[in-house]
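This structure is a prediction, so every number in the text was calculated from the model and none was measured.
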Amino acid sequence: MDIFATRLKELRVERGLTQKKLAKAIDTTDDSIFSWEKGRSQPSLEMLRSLCICLDISADYLLGLEDESGGKYNNSFNNFTNSGSINIR
């Protein structure tokens with residue numbers, strides 16, 4: 001299971017929400033929540049934003065880019081992009 005699916009389900013359960021209640025809160029279907037939690041599909045950016053607002057969590061956390069404390073994970077892509085300026089013409 002991917003990290004998004006795992007974290008979404010954990011957060012929903014921690015907050016005492018059923019799939020149906022979360023779906024209603026963000027104006028989607030419980031089938032969508034189920035599919036996201038099973039890793040069968042991913043939410044749109046608009047739905048991701050709604051999830052973050054509803055669950056009071058950052059998108060970076062939901063997407064696996066930061067840990068529970070808000071610290072960013074260090075990976076080679078971040079090292080590359082943060083290593084200096086990039087000239088775009």
Distance-minimising heavy-atom pair for Ile3 and Leu63: CG2-O, 3.7 Å
Closest contact, heavy atoms only, Glu66 versus Ser58: OE2-OG, 2.5 Å
Exercise: identify the closest heavy-atom pair between Ser41 and Trp36: OG-CD1, 3.3 Å
Approximate separation, where rounding is to 0.5 Å, of Phe4 CZ and Glu37 CD: 8.5 Å
ILVMFWY cluster, Leu11 and Ile53 together (side-chain gap under 4.5 Å): no
Atom pair CZ/NZ of Phe34 and Lys20 - distance to nearest 0.5 Å: 13.5 Å
Atom pair CD (Gln19) and OG (Ser35), whose distance is rounded to the nearest 0.5 Å: 9.0 Å
Leu62 side, atom CG; Glu10 side, atom CD - distance, nearest 0.5 Å: 10.5 Å
Linked, directly or transitively: Leu17 and Leu48 (ILVMFWY side chains, under 4.5 Å): yes
Enclosure of Glu46 CD (heavy-atom neighbours >12, cutoff 6.0 Å): no
Distance-minimising heavy-atom pair for Met47 and Asp27: CE-O, 4.1 Å
Ile57 reachable from Val13 in the ILVMFWY side-chain graph, under 4.5 Å edges: no
Residues, nucleotides or ligands: over 12 heavy atoms within 6.0 Å of Arg15 CZ: yes
Closest non-hydrogen atom pair between Ala23 and Asp30, with its separation: CB-N, 3.5 Å
Short side-chain to backbone donor-acceptor contact, Ser32 and Thr28, under 3.5 Å: no
Heavy-atom check, side chain of Ile33 versus side chain of Thr18, under 4.5 Å: no
Rounded distance [0.5 Å steps], CZ in Arg7 versus CG in Leu51: 14.5 Å
Side-chain donor or acceptor of Arg12 paired with backbone N/O of Leu22 under 3.5 Å: no
Which atom of Gly39 lies closest to which atom of Asp2, heavy atoms considered: CA-OD2, 4.0 Å
4.5 Å side-chain heavy-atom contact, Leu55 and Tyr61: no
